[in-house]
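When a residue number appears, it is its place in the shown sequence, counting from 1. Every value quoted in this text rests on a predicted model; they were computed, and no experiment measured them. Start at 1 and go down the list; that is how both ligands and their atoms are numbered.
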Amino acid sequence: MASAVQLRVGGGVGVVVIDYPPVNALGADVRAGLLEALARCREDDSVLCVVLRGARGSFVAGADIREFGQPPKPPSAIEVFAAIENMNKPVVAVIEGVALGGGLELALVCHYRLAVAGARLGLPEIKLGLLPGAGGTQRLPRLVGFSVAAPMILGGEPISASEARDIGLIDALGEGDLIEQAMALANSLRSTDGRPPSIRDLVQHVEGARRDLATLDAALAALVKRGRNRRAAEAAAKAIRAAATEPFEEGLKRERALFLDLLNSPESKAQRYLFFAERTAGKVPPKAASVGPVDVQRAAIIGAGTMGGGIAMCFAAAGIPVTVIDRDDASVARGLGVVEANYRKTVERGGLSRAEMLARLALIRGATSWDDLGSADVIIEAVFEELPLKKEIFGRIDKVAKPGAVLATNTSTLDVDAIAAATARPESVVGMHFFSPAHIMRLLEIIDAKKTGPMALRTALMLGKKLGKTSVVVGVCDGFVGNRMALGRGAQTERLMQEGVLPRDIDRVSLAFGFAMGPCATGDLAGLDISWRIRKAKGRVAPIADWICEQGRFGQKTGKGYYRYEPGSRTPIPDPEVESFIRSRAKSLGHDPGAVGDEEIFDRLMLPMINEGARILEERVARCASDIDVIWANGYGWPVWRGGPMYYADQVGLRIVRDKLARYTAKLGDERLKPAALIETLVGSGRSFADLPPNDR
Ligand code: 3HC
Ligand code: NAI
């Protein structure tokens, strides 16, 4: 038998263990091994019941994603699953760790399911631009009902074991001797005809859905609307609908056809690329490989503002006690008030239980004194974005922090080397650039400054993982990776407006590409005064953006920015005041408003980002192109189904990118648009960004 699956027979039970590192994915060896183990159990009269479980404390993380795009290797998952479902003896899935995607589908063909506390179960295929392709869309609705199954399939979020028990996805929570419990379960629930029950035979939910297809359609339409990859969402909805309208076997066929179509789609390829890109980004760099991270038991944050409060919520969610320090009692109270209000809103929406809210609040302590700093394993500074202030704060931290503590700054633009130099232990200083709202945004740029030591870097990476973030290690430069590239786009946004292009046109073109929000609406959301202050400090001028701020239009918080907003609404409404200013200014500069077409708007927003990304690679500020893509997909609303800016450039072709950049450089006389040397080199040698090996930063 293939070593990916082991079978132990004894005491009337055949225990089948899937052992396929790292995550027991359903690779070809596992599928073959399962068929063989099942055949042996079937023939062995001493086996009365089969238990299926995963090695290393976890069930199965799904199909083997590395096999996608390769020629299919027999046996197929469908064949193996049919063998389990049709088994003449009960098969019980014992779920520890995760049962995701094909892993949960495997559990659904078993006759009973047991999951231990801490297990997570779900169908995350949609996040890869796919749908469950091994029966998940047909069996899950039959088991738990359409209204519960549809959001699980279209949202892709896993649920806990207790939630799974509450919705009837599992038969019992497992504890103690799981094999014994599995056997007892199989015996107690044995059907009267002695044949193990199959989900495929359940009719109640199908009949219910058939009686009221309009409700199902409305629910599916609402879920599709929320989907990031529309094509995958629509396909998933069709498959779920087929579970209601077609016989089981027909539904399976329909699901399979839809799955195969998605598998070959450019959208899913891009999302699968991002999946592996995120894993690559999270790897410990060679520099930090030989040290162990600091075990973070306690944290402290200096600055209880927007970011400090959000970061504190991240620690509380991870169960790590955190002290949030600010200048005076009023600032602390205001900061903690915002945190509490955020939690209350989440509780009201049903996203958190009241008990969990109280438990998290109990982990967050406000203070004005720095006494707690001495016991913190990590200290994150999140005060105003002013270098002299940050240096002063780090000088003070240096005096009180314990030896070995990691000292992090959340600066978004300042020189981390200069901040580190304010301490006598620059090796302990690292940048941890969270994004706003910090408790929601997944991206974490970890800034590996010149003197950052291996321990600080390793701890920041480990902490990122503990806090549920997608971390990317980058070097020091103005704006790091994400903001620096956004700045390139921002310069063209401003320039386009000077030529008479309206904010709504810029945003429309961005939305059409797939961004959730355009750059002007995003600026309004973030607050335009922040970049205005930075521009003034750096002596930069942006006539349109400056004029908007001079009018007191700081974005949503003042009810107007590039757009205007009705009280209590976040919907941007084009504002004639802004539009007539832009038009008349453009005319006064000799431009014809309306002369710039959508294609040029698009190029001028996109190309500077790609060019800046190439410079970032040249300067080794980022390790590889896929790290940049991870940053844009997780922190800047880049449409995941387009992979990221560098991936997109490779799809377009770097020669085309280079030629267009050269054309716009000549047309606009803007040197920043001159094709980066790296792009020229890659075009010269017929390579793409993806061909570049990771550099050694
Ligand atoms: N196939 C192949 N490799 C996988 C994999 C999968 N399904 N899931 C994870 N891996 C690999 C990762 O690439 C990584 O490899 P590396 O060490 O070489 O970089 C390794 O497993 C560990 O992964 P993580 O770093 O993500 O480990 P974590 O412990 O943080 O997370 C996990 C583990 C929760 C299982 C997470 O990896 C995950 O969410 N995996 C994807 C689950 C998924 O999307 N399943 C659906 C697959 S599609 C499917 O099943 C189609 C079916 O319906 C037909
Ligand atoms: P904020 O203005 O909301 O909060 C700053 C807090 O620091 C205030 O509560 C202030 O009272 C406190 N503070 C100032 N001096 C202090 C001192 N000497 N001791 C203790 N506390 C002091 O600012 P915000 O937005 O939270 O930004 C903080 C940092 O995070 C900045 O460096 C900013 O660049 C960075 N950042 C901000 C993002 C955003 O979108 N707001 C995103 C990513 C990073």
At less than 3.5 Å, what protein N or O atoms come close to the N or O atoms of ligand 2? Include the distances to 0.1 Å.
| from | atom 1 | to | atom 2 | distance (Å) |
| --- | --- | --- | --- | --- |
| ligand 2 | 3 (O) | T306 | N | 3.0 |
| ligand 2 | 3 (O) | T306 | OG1 | 3.1 |
| ligand 2 | 9 (O) | G305 | N | 3.4 |
| ligand 2 | 9 (O) | D326 | OD2 | 2.7 |
| ligand 2 | 9 (O) | R334 | NH2 | 3.2 |
| ligand 2 | 11 (O) | D326 | OD1 | 2.7 |
| ligand 2 | 11 (O) | D326 | OD2 | 3.3 |
| ligand 2 | 11 (O) | R327 | NE | 3.3 |
| ligand 2 | 11 (O) | R327 | NH2 | 3.0 |
| ligand 2 | 21 (N) | D326 | OD1 | 3.2 |
| ligand 2 | 26 (O) | T306 | N | 3.2 |
| ligand 2 | 26 (O) | M307 | N | 2.8 |
| ligand 2 | 30 (O) | N410 | ND2 | 2.9 |
| ligand 2 | 32 (O) | V383 | O | 3.3 |
| ligand 2 | 32 (O) | E385 | OE1 | 2.5 |
| ligand 2 | 32 (O) | K390 | NZ | 2.5 |
| ligand 2 | 34 (O) | E385 | OE1 | 2.8 |
| ligand 2 | 34 (O) | S412 | OG | 2.8 |

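Both the backbone and the side chain of A61 come within 4.0 Å of ligand 1, counting heavy atoms alone. When heavy-atom distances to ligand 1 are checked against a 4.0 Å cut-off, A63 comes that close through both its backbone and its side chain. Within the 4.0 Å heavy-atom criterion, neither part of T280 lies near ligand 1. With a 4.0 Å cut-off on non-hydrogen atoms, K127 does not touch ligand 1 at all. When heavy-atom distances to ligand 1 are checked against a 4.0 Å cut-off, D64 comes that close through both its backbone and its side chain.
For atom 29 (O) of ligand 1, no protein heavy-atom neighbour is present inside the 4.0 Å cut-off. Remark: atom 41 (C) of ligand 1 lies closer than 4.0 Å to at least one protein heavy atom.
For R120, no nitrogen or oxygen atom sits less than 3.5 Å from a nitrogen or oxygen atom of ligand 1, counting backbone and side chain alike. Any N or O atom pair closer than 3.5 Å counts here, and G133 shares at least one such pair with ligand 1. Any N or O atom pair closer than 3.5 Å counts here, and A25 shares no such pair with ligand 1. Considering both main-chain and side-chain atoms, V23 never comes within under 3.5 Å of ligand 1 through any nitrogen or oxygen pair.
Scanning all protein heavy atoms for the shortest distance to atom 53 (O) of ligand 1 gives E125 OE2, 2.5 Å. Nearest protein heavy-atom contact of atom 20 (C) of ligand 1 is P22 CG, 3.5 Å. If you check which protein heavy atom lies closest to atom 3 (N) of ligand 1, you get R66 NE, 4.1 Å. In terms of protein heavy atoms, atom 13 (O) of ligand 1 is closest to F276 CE2, 3.6 Å. For atom 1 (N) of ligand 1, the closest non-hydrogen atom of the protein is I65 N, 2.9 Å. What sits closest to atom 32 (C) of ligand 1 on the protein, heavy atoms only, is L100 CD1, 4.7 Å.
Of all non-hydrogen atoms in T137 and E255, the two that sit nearest each other are OG1-OE2, 2.5 Å. Between V324 and A312, the shortest heavy-atom contact is CG2-CB, 3.7 Å.
Seen from the ring of W370, R396 counts as a face-on cation partner, given the 6.0 Å and 45° thresholds. Cation-pi geometry between R489 and F515 is met: under 6.0 angstrom from the ring centre, within 45 degrees of the axis. Cation-pi contact between R484 and F480: absent, since separation from the ring centre below 6.0 Å together with deviation from the ring axis within 45° is not met.
The structure places CD1 of I126 at 8.0 Å from CD of Q271, a figure rounded to the nearest 0.5 Å.
Comparing R279, R256, K283 against atom 37 (O) of ligand 1, the shortest heavy-atom distance belongs to R279.
Pairs of residues two or more places apart, or lying in two chains, that qualify as side chain to side chain donor-acceptor pair (under 3.5 Å) and include a residue from residues 517-531 are D524-Y565, D529-K557.
K391 places no side-chain N or O within donor-acceptor distance of the main-chain N or O of A418, the cut-off being under 3.5 Å. Checking side-chain atoms of Q138 against main-chain N and O of F248 turns up no donor-acceptor pair under 3.5 Å. With E267 contributing its side chain and A232 its backbone, the two residues share no donor-acceptor pair below 3.5 Å. With hydrogens and angles disregarded, no donor-acceptor distance shorter than 3.5 Å links the side chain of R139 to the backbone of E105.
Atoms of ligand 1 lying under 4.0 Å from at least one heavy atom of P124, given by number and element, are 43 (C), 44 (O), 45 (N). Close contacts between ligand 1 and K465 involve ligand atoms 30 (O) [criterion: under 4.0 Å to a heavy atom]. Against a heavy-atom cut-off of under 4.0 Å, P132 is close to the following atoms of ligand 1: 53 (O). Of all the atoms in ligand 1, the ones that sit under 4.0 Å from a non-hydrogen atom of G62 are 50 (O). The contact set between ligand 1 and F275, taken as ligand atoms under 4.0 Å from a residue heavy atom, comprises 8 (N), 9 (C), 13 (O), 40 (N), 41 (C). Atoms of ligand 1 lying under 4.0 Å from at least one heavy atom of E105, given by number and element, are 52 (C), 53 (O), 54 (C). If you number the atoms of ligand 1 from 1 as listed, the ones under 4.0 Å from a heavy atom of G101 come out as 46 (C), 50 (O). Of all the atoms in ligand 1, the ones that sit under 4.0 Å from a non-hydrogen atom of L128 are 44 (O), 47 (C), 48 (S).
With salt bridges taken as basic N to acidic carboxylate O contacts below 4.0 Å, one links E157 and K127.
The side chain to side chain contact (heavy atoms under 4.5 Å, CB included) test applied to D372 returns T323, R365, not counting sequence neighbours. Evaluation of the side chain to side chain donor-acceptor pair (under 3.5 Å) rule for R540 yields D478 as partners, not counting sequence neighbours.
Checking D328 against S331 by side-chain atom types alone, a donor-acceptor pair falls below 3.5 Å. In this structure, a donor-acceptor pair under 3.5 Å is absent between the side chains of N483 and E445.
Looking at V332, I302, I301 one by one, the single match for side chain to side chain contact (heavy atoms under 4.5 Å, CB included) with D326 turns out to be V332.
By the neighbour-count criterion of 12 heavy atoms within 6.0 Å, atom NZ of K466 is densely surrounded, having more than that number from other residues, nucleotides or ligands.
Between W632 and W638, the angle of the ring planes goes over 60°, which puts this pair in the perpendicular group of the 30/60° scheme.
Look at E67 and you'll find every heavy atom at least 4.0 Å from all atoms of ligand 1.
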